[in-house]
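Please read the structure below before turning to the comments.
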There are 2 protein chains.
Amino acid sequence: MNIGEIAKRAGVARSTVSYVISGKRTVSDEIRRRVLAVIEELDYRPNAAARALKEGRTRTLGLVIPPASQRLTDMQLGFVASVVEAAAHADLDVLLSPSGGDHERSFERVITGRRVDGVILMEIRLEDDRVTRLRQAGLPFVTIGHTADAGDVWWIDVDYATLIARCVHHLADLGHRHLAFVNRSAELVAAGYGPGHRALAGFGAAVAERGLTGVDICCPDEAAGGEACVERLLDAHADVTGIVTINEAALPGIQRALQHAGLAVPRDFSIAGVAGRHWAEDFRPPLTAADVPALEMGDQAVRLLLERIATPEAPPRHVLHAPPISLRASTGPAPFR
Amino acid sequence: MNIGEIAKRAGVARSTVSYVISGKRTVSDEIRRRVLAVIEELDYRPNAAARALKEGRTRTLGLVIPPASQRLTDMQLGFVASVVEAAAHADLDVLLSPSGGDHERSFERVITGRRVDGVILMEIRLEDDRVTRLRQAGLPFVTIGHTADAGDVWWIDVDYATLIARCVHHLADLGHRHLAFVNRSAELVAAGYGPGHRALAGFGAAVAERGLTGVDICCPDEAAGGEACVERLLDAHADVTGIVTINEAALPGIQRALQHAGLAVPRDFSIAGVAGRHWAEDFRPPLTAADVPALEMGDQAVRLLLERIATPEAPPRHVLHAPPISLRASTGPAPFR
DNA sequence: TTGTATGCGTTATCAC
DNA sequence: GTGATAACGCATACAA
């Protein structure tokens, strides 16, 4: 079933069918009706490969996700969901590529061979080979997160340093003097995961500015790890009265550890951080946290990418999100000890 | 950058370059080396669209996921992850398509226009338009889950009826006489979501067989909903001593409600079900449950699809998984009341 | 062992 | 307002 078949049955030239479909030149009403009727009858759809070959674009975006073997966080999932949604809205398809581990071939396949018109990259590290590779491939791309030297790339990110600093200031205002920062997993941080490093820097700066003492600790990205981490933390630093965190997946475990230690939140202990809305609201009591606007960010990433594809020479654009901290119920005045 | 350019620089015919790449006929060592050197130097990769047009296949699979707006469950995420992984392993790309809601266009785009060689469909309902549509489109597809009339389609599913029945028998053996079944969300069940209906049927049959009393209740797929649901349940049916569930996302809420009601698990109350391993292990105490082998199933779905593509006339294949129930710590003898 | 020629299904340029 | 035709980049049957 191809455009020639439609043309033959409608008794017109192939080009006429093409123009009926694209509307790029005027076609008499009668012929258009006849062609459309045949298209309808045979349920004809243009062949995507032929069109891509001729037009030089695929109407497809590549989305490079973290290796799926390690569970995606809620936030990452939100990005994927919103990117797919926004792409669909722009009549674009999304080609998924896991990266990292032994998935180099998949990544290479997606970015070479003109398979996609552009790429959205997630889970960026301060130094990121994939960014280097995309730069050299000359394929338009936008990153969610940004490398250390991202002046020339288009990106969109959450301002972890600022958000974590705000959490520290909030707790300091409440009288807390000894805080802990619960980071993402040690492997991730060691690999140069941007949010981990930037949030830690923000924590350090704010703690210093307010003259507090602060300890930081890496924590596996899951409940059991969070529980163990906080147990150790409470053990080693009995004076800590508040936690600041960006590790949403560890929250259920953190909660269990505090409960187990007989610490009531927020009476005996406060906690605040950056987390997907869902995690924050599921915390008991609901978590005072900056809600990452993952849905909005995915949408924005697609818009930026389309802009970049449309105007390759435009100067790079960066967007840094610093959503307000939603005051919920997990922070309160520092306890007397 | 195309094959002709490589040919010119290497001083050979285009077909020779093509054969060097595909290896489909022997090429003298010297010429092959020369060609490969040029390919390497220019970092040439065959154009995917041209290849797809010529070969009549795209080396791409379509993966139709539930509308991403509603959070994907862990299990669904496991399917996506393993499908992408298995596809990458077979050097195939995965085109993602959200379905349901206002995403019909995306779905249509993926299945028409020969954009993919085959489709994997998730989150199947007993009556499912998408299955009908794919049947009529004549595109090879495999479903994870199965419709009521799935004799002629290739599918792979979890045997919810059997697994839930096993949970009931397990609890009955422990002396429980009054059980409750916590289903997925009312909307999902009303929409004809297969697992919900089949699990309920299995529950009803097993309860009848053992002469127990059973109540069933639909429950939103999230923690807060689970908490509210179980509160109502305990209120209305004080004699219930055990819950059987397929609603993994509600588990944290169920746990909170039981705790809040002062019921210790498993001393005062037992709970068992079907859940992703992660949810089961995060439950306190760890949940006695059938661990859905999501990773294995995604892999299998890809294998089945490739088989179906390779042999279009082969009789349909069905795989029903009934993994054993992992005995953990959430079930115990019925309490005296 | 290598080269030549053709067609996959579109879109767009040119001629009418 | 419409039709014929030349690419797009590749794979392969056929010729040498």
Side-chain angles (χ1 to χ4, degrees), chain A residues 1-39 42-60 91 93 109 111-117 139, chain B residues 1-39 42-60 91 93 109 111-117 137-139:
Chain A
M1 179 55 41
N2 58 32
I3 205 171
E5 183 69 22
I6 305 294
K8 193 157 56 179
R9 299 217 191 190
V12 298
R14 296 206 311 262
S15 56
T16 301
V17 176
S18 177
Y19 285 119
V20 166
I21 293 173
S22 71
K24 287 189 181 173
R25 83 181 185 194
T26 47
V27 177
S28 72
D29 266 16
E30 194 212 319
I31 288 195
R32 182 171 51 245
R33 259 195 294 276
R34 219 160 66 209
V35 169
L36 287 177
V38 177
I39 287 179
L42 300 190
D43 194 26
Y44 163 78
R45 293 288 183 291
N47 178 304
R51 179 178 271 183
L53 179 58
K54 181 61 186 167
E55 293 194 324
R57 67 197 189 108
T58 59
R59 298 161 188 270
T60 303
D91 277 335
D93 289 317
R109 247 204 334 275
I111 69 168
T112 59
R114 315 224 119 58
R115 212 168 291 256
V116 296
D117 297 333
L139 195 62
Chain B
M1 179 56 43
N2 58 34
I3 204 169
E5 183 69 23
I6 305 295
K8 194 159 54 180
R9 301 216 190 191
V12 299
R14 297 207 313 259
S15 58
T16 302
V17 176
S18 178
Y19 284 120
V20 165
I21 293 172
S22 72
K24 288 192 179 173
R25 82 179 186 193
T26 47
V27 177
S28 72
D29 266 16
E30 193 213 319
I31 288 196
R32 183 173 48 245
R33 258 196 295 275
R34 219 159 67 208
V35 169
L36 287 176
V38 177
I39 288 179
L42 301 189
D43 195 25
Y44 163 77
R45 294 289 183 289
N47 179 304
R51 179 178 271 183
L53 180 58
K54 179 64 186 168
E55 292 194 324
R57 67 195 189 110
T58 59
R59 298 162 188 269
T60 302
D91 275 335
D93 288 318
R109 248 205 332 278
I111 70 168
T112 58
R114 314 226 119 58
R115 211 169 288 260
V116 297
D117 297 334
L139 195 62

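The chains referred to below are lettered A, B, ... by the order of the sequence lines, with proteins before strands, and numbering in each begins at 1. Just the heavy atoms: all of them, side chains too, but no hydrogens, waters or symmetry mates, feed the values below.
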Query raised in the report: Quick one: is A:Asn2 getting a side-chain N or O under 4.0 Å of the C:dG9 phosphate, OP1 or OP2?
Result: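 Checking A:Asn2 against C:dG9: at least one side-chain N or O falls below 4.0 Å of OP1 or OP2.
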To the nearest Å, how far apart are [X] [atom1] and [N] [atom2]?
| X | N | atom1 | atom2 | value |
| --- | --- | --- | --- | --- |
| A:Ile3 | C:dG7 | CD1 | P | 19 Å |
| B:Tyr19 | D:dG9 | OH | C1' | 15 Å |
| A:Arg114 | D:dC8 | CZ | P | 14 Å |
| B:Lys54 | C:dG9 | NZ | C1' | 12 Å |
| A:Arg59 | C:dT10 | CZ | P | 13 Å |
| B:Arg57 | D:dA11 | CZ | P | 11 Å |
| B:Ile6 | D:dC10 | CD1 | C1' | 13 Å |

Query raised in the report: Does B:Arg32 use its side chain to pair, donor to acceptor, with the backbone of B:Val27 at less than 3.5 Å?
Result: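 Yes, because the side chain of B:Arg32 sits within donor-acceptor range (under 3.5 Å) of the backbone of B:Val27.
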Report task. Mind running a 4.0 Å heavy-atom check of residues 24-37 of chain B against DNA chain D and sending the residues that fall below it, in number order? Result ->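 Contacts with DNA chain D under 4.0 Å: B:Lys24, B:Arg25.
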Report task. Run the salt-bridge test on A:Asp93 and B:Arg109 with the 4.0 Å N-O cut-off and return the result as yes or no. Result ->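 The answer is yes: the pair qualifies as a salt bridge.
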Query raised in the report: Ignoring hydrogens and angles, are the base of C:dT10 and the side chain of A:Arg14 linked by a donor-acceptor pair under 3.5 Å?
Result: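 Such a pair is found, so the answer is yes.
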Report task. Just call it for A:Ser15: base, sugar-phosphate, or nothing, with non-hydrogen atoms closer than 4.0 Å on any strand. Result ->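 Here A:Ser15 touches the bases of the nucleic acid.
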